[in-house]
A.B. asks: 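For reference, the structure I am asking about is given below.
Every value quoted in this text rests on a predicted model; they were computed, and no experiment measured them.
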Amino acid sequence: MKQIKRMAAFCMAAVLALSMSVGAFAAESPSAQGIVISGKTADADGNEVQVTLAEVTDTDAKAKLDDTNYLKEVIGDEYIEGMKVADMKDVSVPEGTPMPVTIEFEVNGVNKNTKVVVLHYNGTEWEKIKVDAVDYRSVTATFESLSPVAFI
């Protein structure tokens, strides 16, 4: 009887030790980069249009948002202490697409209670874009023109 108890205890210890490694297979948490996955839109005429997202290469545009005071100035009254750039994408639609376009972005980590600010770079300065809707993994905004877009 004593040997059976020892064998059972050994088996339980082995199972416990092996189960400790299971946590290593969990999915990664979203990082501050790469949380905007995709976008879908309809143009001003209601036709479905392909949205292309690329990494922002404009270093001047990126650098401006590194300054917290500049970020506060652009966001204005909607700024909440601790806000920062979650992701930045160069957004485009096919040439000749009638503007404005309303784009629904798939964004990891947001829900209807998340405070989201969308900024658009007009070539010289960042400007705040009105957010039409925020829902589970979704941020919708309307753009008169496209270029780098930042999600705060």
Side-chain angles (χ1 to χ4, degrees), residues 13-152:
V15 168
L16 179 63
L18 291 174
S19 68
M20 303 261 304
S21 66
V22 173
F25 298 109
E28 293 181 21
S29 299
S31 66
Q33 295 294 324
I35 65 168
V36 177
I37 300 169
S38 65
K40 60 183 177 180
T41 188
D43 64 17
D45 298 332
N47 301 315
E48 192 170 311
V49 177
Q50 177 65 40
V51 176
T52 304
L53 302 178
E55 294 304 315
V56 175
T57 56
D58 188 334
T59 54
D60 292 335
K62 286 181 174 182
K64 287 186 180 215
L65 292 183
D66 288 338
D67 180 3
T68 305
N69 291 326
Y70 180 78
L71 190 61
K72 286 179 185 179
E73 181 183 318
V74 172
I75 295 175
D77 294 342
E78 291 185 58
Y79 183 81
I80 297 172
E81 197 61 44
M83 280 186 147
K84 63 181 181 176
V85 177
D87 204 354
M88 202 180 298
K89 296 291 182 186
D90 199 354
V91 181
S92 62
V93 293
E95 192 173 325
T97 300
M99 295 300 216
V101 292
T102 300
I103 303 175
E104 180 184 349
F105 295 96
E106 183 179 350
V107 183
N108 280 329
V110 301
N111 60 45
K112 65 181 179 179
N113 298 319
T114 306
K115 179 66 176 168
V116 177
V117 176
V118 176
L119 302 178
H120 168 263
Y121 192 66
N122 64 16
T124 56
E125 297 294 327
W126 286 96
E127 55 191 16
K128 186 168 57 170
I129 299 296
K130 181 184 176 297
V131 174
D132 299 326
V134 177
D135 206 349
Y136 176 72
R137 292 184 62 151
S138 171
V139 175
T140 304
T142 302
F143 298 86
E144 294 293 332
S145 64
L146 292 171
S147 62
V149 174
F151 298 84
I152 314 297

A.B. asks: Can you name the nearest heavy-atom pair linking Val116 to Val131, along with the distance?
C.D. replies: O-CG2, 3.7 Å

A.B. asks: Could you tell me which non-hydrogen atom of Met83 sits nearest to which non-hydrogen atom of Leu71, and how far apart they are?
C.D. replies: O-CD2, 3.8 Å

A.B. asks: Could you walk me through whether Val149 and Phe143 pass the side-chain contact (heavy atoms from CB on, under 4.5 Å) check?
C.D. replies: CA-CA 10 Å; Val149 174; Phe143 298 86; 3.8 Å; yes

A.B. asks: With sequence neighbours left out, write down each residue that passes salt bridge (Lys or Arg N to Asp or Glu O under 4.0 Å) with Lys128, or none if nothing qualifies.
C.D. replies: Glu78

A.B. asks: With no hydrogens and no angle check, do the side chains of Asp90 and Ser92 hold a donor and an acceptor under 3.5 Å apart?
C.D. replies: no

A.B. asks: If I compare all heavy atoms of Val134 with all of Thr114, which pair ends up nearest, and what's the gap?
C.D. replies: CG1-O, 3.9 Å

A.B. asks: Starting at OG1 of Thr57, measure out to NZ of Lys62 and round the result to the nearest 0.5 Å.
C.D. replies: 7.5 Å

A.B. asks: When rounded to the nearest 0.5 angstrom, what is the spacing between NZ in Lys64 and OH in Tyr70?
C.D. replies: 4.5 Å

A.B. asks: Evaluate the side-chain proximity of Asn69 to Glu73: yes if any heavy-atom separation is below 4.5 Å, no if none is.
C.D. replies: no

A.B. asks: Taking all non-hydrogen atoms of both residues into account, name the closest pair between Val51 and Val91 and its distance.
C.D. replies: CG1-CG1, 3.9 Å

A.B. asks: Using modelled atom types and a 3.5 Å cut-off, is there a donor and acceptor pairing between side-chain atoms of Asp132 and backbone atoms of Thr102?
C.D. replies: no

A.B. asks: Going by atom types alone, do Thr140 and Glu104 pair a side-chain donor with an acceptor below 3.5 Å?
C.D. replies: no

A.B. asks: Looking at every heavy atom in both Ser145 and Met99, which two are closest together, and how far apart are they?
C.D. replies: CA-CE, 3.9 Å

A.B. asks: Give a yes or no answer on whether the side chain of Thr52 reaches the backbone of Val93 with a donor-acceptor pair at less than 3.5 Å.
C.D. replies: no

A.B. asks: Would the distance check show the side chain of Lys89 and the main-chain N or O of Phe151 forming a donor-acceptor pair, the cut-off being under 3.5 Å?
C.D. replies: no

A.B. asks: Between CH2 of Trp126 and OG of Ser147, what distance do you get to the nearest 0.5 Å?
C.D. replies: 7.0 Å

A.B. asks: Applying side-chain contact (heavy atoms from CB on, under 4.5 Å), run through Thr142 and Ile129 and close with a yes or a no.
C.D. replies: CA-CA 7 Å; Thr142 302; Ile129 299 296; 5.9 Å; no

A.B. asks: Do Glu144 and Glu127 touch side chain to side chain, with heavy atoms closer than 4.5 Å?
C.D. replies: no

A.B. asks: CG of Leu65 to CD1 of Ile152: how many Å apart, nearest 0.5 Å?
C.D. replies: 5.5 Å

A.B. asks: For the CG atom of Asp60 and the CD atom of Glu125, what is their distance to the nearest 0.5 Å?
C.D. replies: 11.0 Å

A.B. asks: Nearest 0.5 angstrom please: Phe105 CZ to Asp87 CG, how far?
C.D. replies: 10.5 Å

A.B. asks: Any non-hydrogen side-chain atom of Val139 less than 4.5 Å from a side-chain atom of Val118?
C.D. replies: yes

A.B. asks: With distance as the sole test, does Asp135 use its side chain to make a donor-acceptor pair with the main-chain N or O of Ser138 at under 3.5 Å?
C.D. replies: no

A.B. asks: Looking at every non-hydrogen atom in both residues, tell me the closest pair between Pro98 and Val101 and how far apart they are.
C.D. replies: O-CG1, 3.7 Å

